[in-house]
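Encoded as structure tokens, the structure appears first; notes follow it.
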Amino acid sequence: QVQLVESGGGSVQPGGSLRIFCENSALTDSTYALGWFRSAPGKEREFIAAISWSGVNAWYPDSMKGRFTLSRDNPKNMMYLQMRDLKPEDTAVYYCAAELRRGVSLSNRLREADFTYWGQGTQVTVSS
């Protein structure tokens, strides 16, 4: 089982930057991929990025490339999502996810159902 706690959300003006965090820990000695999704009112949960256990490889859908950067620090049990040039449409609850389900591989087209564990989310609001 993997426990996830998001933090770092808040309010930012359009064009600004924000870094959000996912503290992650496993109850057993296991390795797992991590990812970020977001949910805006009236919209499906949207995939932002995912990263392998080693942190060497990260995947982004085309819509997220360029403004979002994902990284992880395993000794600190942390994953980071750096967001820049934020827009009002980036306003959402951002969720951390862990451990791909059996048979699912990392890619730039992951879905909510592909991950096993979820955090409670952190709100990001982009507004002037």
Side-chain angles (χ1 to χ4, degrees):
Q1 183 177 1
V2 181
Q3 296 177 324
L4 304 167
V5 179
E6 302 94 335
S7 62
S11 296
V12 62
Q13 293 188 339
S17 298
L18 191 67
R19 186 167 70 157
I20 57 177
F21 309 87
C22 174
E23 182 177 1
N24 60 96
S25 59
L27 299 181
T28 59
D29 186 16
S30 62
T31 63
Y32 46 87
L34 290 168
W36 281 102
F37 287 73
R38 67 185 183 186
S39 289
K43 296 184 178 180
E44 292 184 358
R45 193 163 293 191
E46 183 179 24
F47 174 55
I48 298 172
I51 193 166
S52 60
W53 169 255
S54 69
V56 172
N57 296 303
W59 284 260
Y60 308 84
D62 289 344
S63 59
M64 301 297 173
K65 289 180 179 178
R67 296 192 300 121
F68 296 87
T69 302
L70 184 60
S71 61
R72 67 189 294 175
D73 185 339
N74 289 336
K76 295 182 179 179
N77 294 328
M78 294 296 289
M79 176 176 65
Y80 312 98
L81 182 66
Q82 178 68 49
M83 305 181 287
R84 54 185 177 272
D85 190 23
L86 285 163
K87 309 175 187 302
E89 52 264 40
D90 293 317
T91 296
V93 178
Y94 284 68
Y95 294 93
C96 176
E99 192 166 285
L100 292 171
R101 295 194 184 276
R102 189 181 300 273
V104 178
S105 299
L106 282 165
S107 76
N108 62 359
R109 295 183 293 176
L110 294 172
R111 304 165 303 156
E112 179 180 359
D114 292 330
F115 282 90
T116 307
Y117 302 105
W118 291 87
Q120 295 300 307
T122 186
Q123 175 72 45
V124 173
T125 302
V126 184
S127 174
S128 56

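Values below: all heavy atoms of this structure, side chains included; hydrogens, waters and symmetry mates excluded.
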Kindly indicate whether the side chain of [X], heavy atoms from C-beta on, has any atom under 4.5 Å from the side chain of [Y].
X      : Y      : result
Ser71  : Asp73  : no
Gln120 : Leu4   : no
Val104 : Leu110 : yes
Val124 : Ile20  : yes

Problem set entry | Pairs flagged by disulfide (SG to SG under 2.5 Å) wherever residues 16-120 is involved - sequence neighbours left out |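 Every disulfide (SG to SG under 2.5 Å) pair that includes a residue of residues 16-120, provided the two are not neighbours, is Cys22-Cys96.
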Exercise. Do the two ring centres, one from Tyr60 and one from Phe47, sit under 6.0 Å apart?
Worked result: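 Ring-ring flag for Tyr60/Phe47: false, centres at least 6.0 Å apart.
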Assess the side chains of [X] and [Y]: does a donor N or O sit below 3.5 Å from an acceptor N or O?
X      : Y      : answer
Asn24  : Tyr32  : yes
Tyr80  : Arg19  : no
Ser127 : Thr125 : no

Measure the [atom1]-[atom2] distance between [X] and [Y] for me, rounded to the nearest 0.5 Å.
X     : Y      : atom1 : atom2 : value
Met78 : Glu23  : CE    : CD    : 6.0 Å
Ser11 : Leu18  : OG    : CG    : 9.5 Å
Tyr94 : Ser7   : OH    : OG    : 15.0 Å
Ile48 : Asp90  : CD1   : CG    : 8.5 Å
Ser39 : Glu44  : OG    : CD    : 9.5 Å
Gln13 : Ser128 : CD    : OG    : 7.0 Å

Show the nearest heavy-atom pair for residues [X] and [Y], with the distance to one decimal.
X      : Y      : answer
Glu46  : Ser63  : OE2-OG, 4.4 Å
Gly35  : Phe115 : N-CE2, 4.0 Å
Gln123 : Ala92  : NE2-O, 3.4 Å

Are the side chain of [X] and the backbone N or O of [Y] linked by a donor-acceptor pair below 3.5 Å?
X     : Y     : answer
Glu6  : Phe21 : no
Arg67 : Met83 : no
Ser17 : Arg84 : no
Asn74 : Ser54 : no

For this session: Quick one: sort the Tyr95 and Trp118 rings into parallel, tilted or perpendicular, breaks at 30° and 60°.
Result: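 Ring orientation, 0 to 90° scale: perpendicular.
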Do you reckon [X] sits in the same ILVMFWY cluster as [Y], going by side-chain contacts under 4.5 Å, direct or chained?
X     : Y      : result
Val12 : Leu81  : yes
Leu34 : Leu100 : no
Trp53 : Tyr117 : yes

For this session: Flag yes if more than 12 heavy atoms outside Lys76 fall under 6.0 Å of its NZ atom; otherwise flag no.
Result: no
For this session: Taking atom CD of Glu89 as the centre, report whether more than 12 heavy atoms of other residues, nucleotides or ligands fall under 6.0 Å from it.
Result: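 Yes, CD of Glu89 has more than 12 neighbouring heavy atoms, counting only those of other groups under 6.0 Å.
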Exercise. When you look at Met79 and Trp36, which way does the side chain to side chain contact (heavy atoms under 4.5 Å, CB included) test go after all the steps?
Worked result: CA-CA 9 Å; Met79 176 176 65; Trp36 281 102; 3.2 Å; yes
Exercise. What pairs of residues pass the salt bridge (Lys or Arg N to Asp or Glu O under 4.0 Å) test when at least one of them lies in residues 95-111, not counting sequence neighbours?
Worked result: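 Only Arg111-Asp114 qualify under salt bridge (Lys or Arg N to Asp or Glu O under 4.0 Å).
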Problem set entry | salt bridge (Lys or Arg N to Asp or Glu O under 4.0 Å) contacts touching residues 50-63 (sequence neighbours left out) |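 Listed once each, the pairs are Asp62-Lys65.
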For this session: Cation-pi check, Arg45 to Phe37: give yes when NZ or CZ is under 6.0 Å from the six-membered ring centre and within 45° of the ring axis, no otherwise.
Result: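 Ring-cation test returns no.
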